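A quick note: this is a predicted structure, and the numbers were derived from the prediction, not measured. Values below: all heavy atoms of this structure, side chains included; hydrogens, waters and symmetry mates excluded. We count residues from 1, following the sequence as given.
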Amino acid sequence: MIASLIRRFGDIDVAEEAVQEAFVVATQRWPKDGVPPNPGGWITTTARNRAIDRLRREASRHDRHVQALALSEPDDLTEPDREMHDDRLRLIFTCCHPALAPEAQIALTLRLLGGLEAPYIARAFLVSEATMAKRLVRAKRKIRDAKIPYRVPSSAELADRLRPVLAVIYLIFNEGYTATEGDALIREDLCTEAVRLGRVLAELMPDEPEVLGLLALLLLIEARHDARTRSDGTMILLPDQDRTRWDRALIDEGQALVRRCLQRNRPGPYQIQAAINAVHRDAATAADTDWGQVLALYDQLLFFAPTPIVALNRAVAVAEVHGPALALAAIDDLALDDYHLLHATRADLLTRVGRRDDARRAYDRAYELTTNAAERRFLAAKRDAL
């Protein structure tokens with residue numbers, strides 16, 4: 001809905017505030033009057049009217065011009081979903097315009113498309129909430145003042161805009177896969193939206209291997225959805241999951257995309273991550289996993305993306321191939337002290353080498369850094385088991 005209003009009014013702040021006001025009105029009226037037959041259309045129309053009211057109050061020439069354009073567009077409340085889907089893709093490319101700094105591109109899209117608040121985005125970028133809030137304000141102002149067009153770019157422009165777009169879709173999925181906070185481990189709405197956007201992008205750029213690689217990666221991970229938690233919401237790690245509950249159709253589709261990527265022989269980080277996940281999906285049991293192949297793929301991924309996160313994930317494969325002691329040595333110097341999964345991984349490795357006191361402290365540190373209730377319960381149980 002925000003994306004739809006940005007197309008009409010050309011102002012992100014106006015669109016955000018109008019939609020927020022419309023939802024407030026809905027919480028006041030719907031309990032008394034009942035939910036309307038088309039809730040999405042009701043919200044959209046109410047938000048549009050609120051935006052027009054705001055522009056009338058501000059009453060500048062520019063605002064009256066924008067208001068006139070908005071009023072000239074008829075509402076399509078019978079089938080709004082298709083237009084809104086297109087608006088989401090247009091909004092991603094608007095936020096990922098090269099005139100914006102890369103960090104601002106990703107942060108703004110996470111805010112508008114992923115629905116993430118500034119504190120969560122700040123945590124992902126390891127900056128303060130105030131710093132992130134200022135970046136978001138500057139990015140929105142730049143889009144407005146520079147009149148950055150609200151559209152999917154032409155074919156000639158797509159390649160230059162692709163990298164941050166892929167990163168944004170991936171990060172939206174990650175937030176859905178393991179929510180930053182809350183009682184539930186998974187935010188299904190974000191996972192579903194990221195997969196949908198990945199499919200739309202693959203339709204737009206079917207010959208781009210990294211686009212196919214990202215879609216394959218999302219599908220192969222999403223295939224594990226039903227096996228990741230117990231009925232009480234308890235988290236289940238990959239080795240302990242019931243693989244009969246994995247979605248075979250998503251796995252087949254993802255693996256077919258991985259094969260298409262291999263045929264193009266233009267490897268990139270998303271394709272390699274998809275290949276790693278394909279190896280896991282090939283194994284009938286955790287014990288059947290070809291860890292040597294997984295480690296070789298992580299070595300290749302580290303070449304394309306030499307980041308501490310990749311090094312940490314690679315250490316899991318190192319532990320399976322060469323033992324936990326070597327894996328511990330591989331992660332000791334990683335600059336990830338505020339990342340809970342570093343300490344959770346250390347705790348597991350320390351347990352395996354018999355350093356139980358150190359493992360307890362590592363679990364405590366991971367627990368302190370985690371704000372998702374499901375993850376906290378899991379970490380506390382692992383710590384208490386020691």
Salt bridge check: are [X] and [Y] linked by an N-O gap of less than 4.0 Å?
| X | Y | value |
| --- | --- | --- |
| Arg360 | Asp364 | no |
| Glu320 | Arg352 | yes |
| Arg141 | Asp13 | no |
| Asp338 | Arg365 | yes |

Which heavy atom in [X] sits nearest to a heavy atom in [Y], and how many Å separate them?
| X | Y | result |
| --- | --- | --- |
| Val195 | Leu215 | O-CD1, 4.1 Å |
| Ala344 | Leu379 | CB-CD2, 3.9 Å |
| Ala216 | Val258 | CB-CG2, 3.9 Å |
| Gln105 | Leu100 | NE2-O, 2.8 Å |
| Cys261 | Leu212 | SG-CB, 3.8 Å |
| Thr44 | Met1 | OG1-CG, 3.8 Å |

Does one hydrophobic cluster hold both [X] and [Y], with members joined at side-chain heavy-atom distances below 4.5 Å?
| X | Y | result |
| --- | --- | --- |
| Leu166 | Ile172 | yes |
| Leu295 | Leu297 | yes |
| Leu349 | Leu369 | no |
| Ile309 | Leu342 | yes |
| Ile43 | Leu112 | yes |

Any donor and acceptor pair, going by atom type alone, linking the side chain of [X] with main-chain N or O of [Y] inside 3.5 Å?
| X | Y | result |
| --- | --- | --- |
| Arg376 | Thr370 | yes |
| Gln271 | Arg266 | yes |
| Glu21 | Ala47 | no |
| Thr289 | Ala286 | yes |
| Arg383 | Ala347 | no |

Which residue in the set Ile186, Leu185, Asn372 passes side-chain contact (heavy atoms from CB on, under 4.5 Å) when paired with Met235?
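So, applying the side-chain contact (heavy atoms from CB on, under 4.5 Å) to Met235 and each of Ile186, Leu185, Asn372, only Leu185 qualifies.
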
From [X] atom [atom1] to [Y] atom [atom2], the distance as rounded to the nearest 0.5 Å:
| X | Y | atom1 | atom2 | result |
| --- | --- | --- | --- | --- |
| Asp332 | Leu328 | CG | CG | 6.0 Å |
| Arg230 | Gln241 | CZ | CD | 10.0 Å |
| Leu386 | Asp358 | CG | CG | 11.0 Å |
| Asp282 | Asn277 | CG | CG | 11.0 Å |
| Ile276 | Leu220 | CD1 | CG | 11.5 Å |
| Leu341 | Asp348 | CG | CG | 12.0 Å |

If you look only at pairs with a residue in residues 343-386, which of them pass as a ring-ring contact (aromatic ring centres under 6.0 Å, His included), with sequence neighbours excluded?
none

Tell me, which pairs form a ring-ring contact (aromatic ring centres under 6.0 Å, His included) where one or both residues lie in residues 240-283, sequence neighbours left out?
Tyr170-Tyr270, His280-Trp291

Verify the neighbour count for atom [atom1] of [X]: are there more than 12 heavy atoms of other residues, nucleotides or ligands below 6.0 Å?
| X | atom1 | answer |
| --- | --- | --- |
| Lys140 | NZ | yes |
| Asn265 | CG | no |
| Arg29 | CZ | no |
| Asp333 | CG | no |
| Asp183 | CG | no |
| Arg243 | CZ | yes |

Residues that [X] engages under salt bridge (Lys or Arg N to Asp or Glu O under 4.0 Å), provided they are two or more places apart:
| X | value |
| --- | --- |
| Asp240 | none |
| Glu17 | Arg54 |
| Asp189 | Arg187 |

Non-hydrogen side-chain atoms of Ile2 and Ile6 separated by less than 4.5 Å
yes

When you compare the side chain of Cys96 with that of Arg163, does any pair of heavy atoms fall below 4.5 Å?
no

Please, which pairs that meet side-chain hydrogen bond (donor to acceptor under 3.5 Å, both in side chains) have at least one residue in residues 298-311, sequence neighbours excluded?
Asp299-Arg314

Within 45° of the axis and under 6.0 Å from the centre of the six-membered ring of Tyr177, does NZ or CZ of Arg224 qualify?
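No, cation not above the ring by the 6.0 Å, 45° rule.
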
